[in-house]
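Atoms considered below: every heavy atom in the structure, side chains included; atoms not considered: hydrogens, waters and symmetry mates.
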Amino acid sequence: QVQLVESGGGLVQPGGSLRLSCAASGSIFRLITMGWYRQVPGKQRELVARISSIGDTKYAESVLGRFNISRDNAKNTVYLKMNSLKPEDTAVYYCNGGGSLRLRGDYWGQGTQVTVSG
């Protein structure tokens, strides 16, 4: 089993940048696909990006070219670098582990709030 803890959220101005981190427990981290999702009240939790154990990636159309997902298997950590942030990016961002590039996995973090002012 994998335990996930997100960090790095906060308040940022439109056009600014943030980097989220997701720290994972467990020795299987390097073997599993990871992802980032986001959710706002009244809406479905939606895919942001996913990354396989070997670094293949998938992005939502809304963030393509602005966000970058990466991982450091030596640190058991996955990152989401968010650039050119827009007010519509405001959401709680969740880390996800397992599954594949097509499907979300079994493990979730507690979420971290990202607020883009303006």
Side-chain angles (χ1 to χ4, degrees):
Q1 192 172 358
V2 177
Q3 185 175 1
L4 307 173
V5 180
E6 302 96 334
S7 62
L11 177 65
V12 64
Q13 294 183 346
S17 297
L18 282 175
R19 189 172 79 159
L20 306 183
S21 298
C22 174
S25 65
S27 61
I28 67 169
F29 170 82
R30 67 188 184 280
L31 304 177
I32 63 175
T33 299
M34 301 292 297
W36 289 96
Y37 292 73
R38 65 188 184 187
Q39 189 170 26
V40 299
K43 299 293 183 181
Q44 301 268 52
R45 189 172 296 186
E46 67 176 9
L47 170 71
V48 176
R50 295 185 66 75
I51 183 167
S52 76
S53 61
I54 60 172
D56 295 326
T57 58
K58 178 182 179 181
Y59 294 91
E61 187 71 23
S62 59
V63 307
L64 191 64
R66 298 190 298 122
F67 291 12
N68 182 64
I69 188 170
S70 62
R71 65 193 295 161
D72 186 339
N73 288 342
K75 296 181 178 180
N76 275 20
T77 302
V78 62
Y79 304 96
L80 185 69
K81 184 62 165 60
M82 303 183 293
N83 301 307
S84 301
L85 281 161
K86 306 172 181 179
E88 65 192 272
D89 295 317
T90 296
V92 177
Y93 283 71
Y94 296 91
C95 184
N96 173 256
S100 69
L101 286 181
R102 294 182 178 181
L103 297 174
R104 69 184 185 181
D106 297 330
Y107 309 107
W108 292 97
Q110 82 287 354
T112 185
Q113 176 72 48
V114 173
T115 301
V116 185
S117 65

Exceeds 12 heavy-atom contacts within 6.0 angstrom, atom CD of Gln3: no

Working to the nearest 0.5 Å, report the span between OG of Ser62 and CG of Leu47. 8.5 Å

Is the side chain of Ser53 donor-acceptor paired with the backbone N or O of Thr33 at a distance under 3.5 Å, no angle test? no

Do other residues, nucleotides or ligands put more than 12 heavy atoms under 6.0 Å from the CZ atom of Arg104? no

cation_pi(Arg38, Tyr94) dist<6.0 Å, angle<=45: no

For a quick check under 3.5 Å, do Lys75 and Asn73 share a side-chain donor-acceptor pair by atom type? no

For Asn76 and Ser25, the nearest pair of non-hydrogen atoms, with its separation, is ND2-C, 4.4 Å

Do the non-hydrogen side-chain atoms of Lys81 and Ser70 ever get within less than 4.5 Å of each other? no

Verify same cluster id: Tyr107, Leu80 (apolar side-chain graph, 4.5 Å): yes

Looking at SG of Cys22 and CZ of Arg71, how far apart are the two atoms once the value is rounded to the nearest 0.5 Å? 10.0 Å

Smallest separation among heavy atoms of Glu6 and Tyr93, with atom names: OE2-O, 4.0 Å

With a 4.5 Å cut-off on side-chain heavy atoms, are Trp36 and Val78 touching? yes

The side-chain hydrogen bond (donor to acceptor under 3.5 Å, both in side chains) partners of Gln113 (sequence neighbours excluded) come to Thr115

Shared hydrophobic cluster for Ile69 and Ile54 (ILVMFWY, side-chain gaps under 4.5 Å): no

Looking at every non-hydrogen atom in both residues, tell me the closest pair between Leu103 and Arg50 and how far apart they are. O-NH2, 3.0 Å

Does one hydrophobic cluster hold both Tyr59 and Val48, with members joined at side-chain heavy-atom distances below 4.5 Å? yes

Taking all non-hydrogen atoms of both residues, which atom of Thr90 and which atom of Val116 are closest, and how far apart? OG1-N, 2.9 Å

Say you draw a straight line from NZ of Lys58 to CG of Leu64; how long is it, rounded to the nearest 0.5 Å? 12.0 Å

Go through Val2 and Ile32 one step at a time and tell me if the side-chain contact (heavy atoms from CB on, under 4.5 Å) criterion holds. CA-CA 10 Å; Val2 177; Ile32 63 175; 3.9 Å; yes

Mind checking ring pair (Phe, Tyr, Trp, His ring centres under 6.0 Å) for Tyr37 and listing every partner two or more places apart, or none if nothing turns up? Trp108

Is any side-chain heavy atom of Pro87 closer than 4.5 Å to one of Asp89? no

Determine, using the 4.5 Å side-chain heavy-atom cutoff (strictly less than), whether Leu4 and Ile28 are members of one ILVMFWY cluster. yes

Provide the closest heavy-atom pair for Gly97 versus Met34 in the form atom of the first, atom of the second, distance. CA-SD, 3.7 Å

Distance in Å, Phe67 CZ paired with Ser17 OG, rounded so as to fall on 0.5 Å steps: 9.5 Å

Could you tell me whether the side chains of Asp72 and Thr77 share a donor-acceptor contact shorter than 3.5 Å? no

Under a 4.5 Å cut-off applied to non-hydrogen side-chain atoms, are Leu20 and Val114 in contact? yes

Please confirm whether Arg19 makes a cation-pi placement over Tyr79, using NZ or CZ under 6.0 Å from the six-membered ring centre and within 45° of the ring normal. yes

When rounded to the nearest 0.5 Å, the distance separating OG of Ser52 from CG of Leu101 is 5.5 Å

Kindly give the heavy-atom pair with the smallest separation between Leu85 and Leu18, and that separation in Å. CD1-N, 3.9 Å

